[in-house]
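I have placed the structure first, in the form of structure tokens, so that the comments after it can refer back to it.
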Amino acid sequence: MENINIVITSDDGYIQPASVLITSILENSKYCKEIFFYFLDSGIKEYSKKILKDICNNYGTNIKFLKIDSSIFENFYISHHIKHSSYYRIVATKYLPNHVEKFLYLDVDIVVNADIYNLFNYNLDGYILKAVKELQGYERIEELKIPNGKYFNAGVLLIDRLKWDLFSVTEKTIEFINNNPSKLKYWDQDALNAILYDSWGELSNLWNAQTNLYYEIEEKMSFKEKKNIDKQLFETYLIHYTSFAKPWHILCYHPLRKYYYDYLKLTVFKEYNPMPKKILELLNEKEEIIVFGTGTLAKHFKSLLKENNKIVAFLDNNKNSQGQKLYDIPILEPSSIVSIEGLRNKKIFVCSSYYLEIEEQLVKMGLSEGQHFVEVKYGYNELLLGDIGE
């Protein structure tokens, strides 16, 4: 059989999810020895490379790091969680070995619960690439003036390398990006859709199950069906965590977040906790804590606490919440904290998107950031490698 060529890329901050992606692919493949990973590299650390090489060696799989020139992307538009490395896929064909005629590109915020051969084996039917529709693509179609009304998600791309180069897709994509910076919302994905609108074929949602797909399906399900949601619907999906909050973030409410951690346990990052180290250290110092906030972030924060961390009170500025209980713990008006035996052996953990306003409020009450209260951010611990040492 032909080699299964898979292209991935990330910077050092995403080596953990890259490890999870590779592990999930190999755990579910019957053809590990035929899989060739090509990692587009603009300077990740040698230790990061060793992590990925060790995973592949354990499964008898091949991985090759392709050093690329990233200077052409320096002025490209980035935002949110997207880094310049996201653009590297558009130059993949310039660095792949000549014998690679077909390859699969995958984002690293993905886990694969099926044999990747079944996706790679799809016939391209004369198209330059095959992909899955972007569930929210309708908003980009009008802005980009896509005539056929179709828009794909670029996180999973099955690509005919020869047709890509024949059509000069790399050059046309870069040209579009340089000439239309104001039109870009979803980065190179917008550019690829603008120039390939009539040159791509559609794959089933099965092969790029974006986050919104699960919520759409859940809305149509009965309570009984929801109890068996994993077995009934999602065991063979390629799960793409497309929301801003990823599984390695504190604030991730994806219904299948657990799959990420199932595969994570098979990697060197198995002890990873999405709680930032600073917060973990403070939690180890304080057995009794106070949480400012009662929303989603506060609830996720509580779910990650150890048994020895006791929340003695929630604080909320919403008068309708004050006097109520959350997890059988009282919700208090913030100024009442002076009655909770002082703060000598306690610390306030602020779990709210209104942190700046709350910080000002607490400072006016005579409290200081760091000594009396600390912000719990919804993002992830940037030092992913730091959990295992270098």
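Since the structure is predicted, the reported quantities are computational estimates derived from the model, not experimental observations.
Inter-residue side-chain proximity for Tyr87 and Ile177 is flagged as met; some heavy-atom pair is nearer than 4.5 Å. In this structure, Leu192 and Trp200 have side chains that are not in contact, with every pair of non-hydrogen atoms separated by 4.5 Å or more. Between Ile22 and Tyr59 there is no side-chain heavy-atom pair separated by less than 4.5 Å. With contacts defined as side-chain heavy-atom distances shorter than 4.5 Å, the pair Leu266/Ile55 does not qualify.
For the side chain to side chain donor-acceptor pair (under 3.5 Å) condition, the pairs that include at least one residue of residues 314-324, sequence neighbours left out, are Thr294-Asp316, Asn317-Gln361. Contacts classified as salt bridge (charged side-chain N to carboxylate O under 4.0 Å, His left out) and involving residues 349-361 (residues at least two apart or in different chains) are given here: Glu360-Lys364.
In the hydrophobic cluster analysis, where Ile, Leu, Val, Met, Phe, Trp and Tyr join through side-chain heavy atoms closer than 4.5 angstrom, Trp207 is grouped together with Tyr117.
Looking at Lys53 and Glu46, no side-chain N of the basic residue comes within less than 4.0 Å of a carboxylate O on the acidic one, giving no salt bridge.
The aromatic rings of Tyr260 and Trp248 are tilted relative to each other, their planes meeting at an angle between 30° and 60°. Using the six-membered ring where Trp is involved, Phe39 and Phe65 have ring planes that are tilted, between 30° and 60° apart.
In this structure, Ile250 and Pro274 approach most closely via the heavy-atom pair CG1-O, 3.5 Å.
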Side-chain donor-acceptor pairs of residues 143-166 under 3.5 Å, sequence neighbours excluded:
unit_1, atom_1, unit_2, atom_2, d
Asn148, OD1, Lys150, N, 3.3
Asn148, ND2, Tyr197, O, 2.6
Tyr151, OH, Gln189, NE2, 3.2
Tyr151, OH, Asp190, OD1, 2.5
Asn153, OD1, Gly155, N, 2.8
Asn153, OD1, Asn208, ND2, 3.0
Asn153, ND2, Glu134, OE1, 2.7
Asp160, OD1, Leu162, N, 3.0
Asp160, OD1, Lys163, N, 3.1
Arg161, NE, Asp165, OD2, 3.3
Arg161, NH1, Pro97, O, 2.9
Arg161, NH1, Val100, O, 2.8
Arg161, NH2, Thr93, O, 2.7
Arg161, NH2, Leu96, O, 3.0
Trp164, NE1, Thr170, OG1, 2.9
Asp165, OD1, Thr93, OG1, 2.7

Practice item. Verify side-chain contact (heavy atoms from CB on, under 4.5 Å) between Asn113 and Tyr263, making sure each step is shown before the conclusion. Key: CA-CA 10 Å; Asn113 286 333; Tyr263 294 114; 2.5 Å; yes
**Study point:** Audit row: Phe349, Leu283, side-chain contact (heavy atoms from CB on, under 4.5 Å) steps and yes/no
**Key:** CA-CA 9 Å; Phe349 292 83; Leu283 288 170; 3.6 Å; yes
Practice item. Applying side-chain contact (heavy atoms from CB on, under 4.5 Å), run through Glu101 and Asn5 and close with a yes or a no. Key: CA-CA 9 Å; Glu101 297 183 359; Asn5 306 303; over 6 Å; no
Review point. Taking it one step at a time, do Ile290 and Val312 satisfy side-chain contact (heavy atoms from CB on, under 4.5 Å)?
Key: CA-CA 6 Å; Ile290 298 168; Val312 295; 3.8 Å; yes
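Separating the CG atom in Leu238 from the CG atom in Leu106 is a distance of 6.5 Å, to the nearest 0.5 Å.
Between the side chains of Asp107 and Tyr105, at least one donor N or O lies within less than 3.5 Å of an accepting N or O.
Within the cation-pi definition used here (under 6.0 Å to the ring centroid, within 45° of the axis), Lys102 qualifies as a partner of Phe120.
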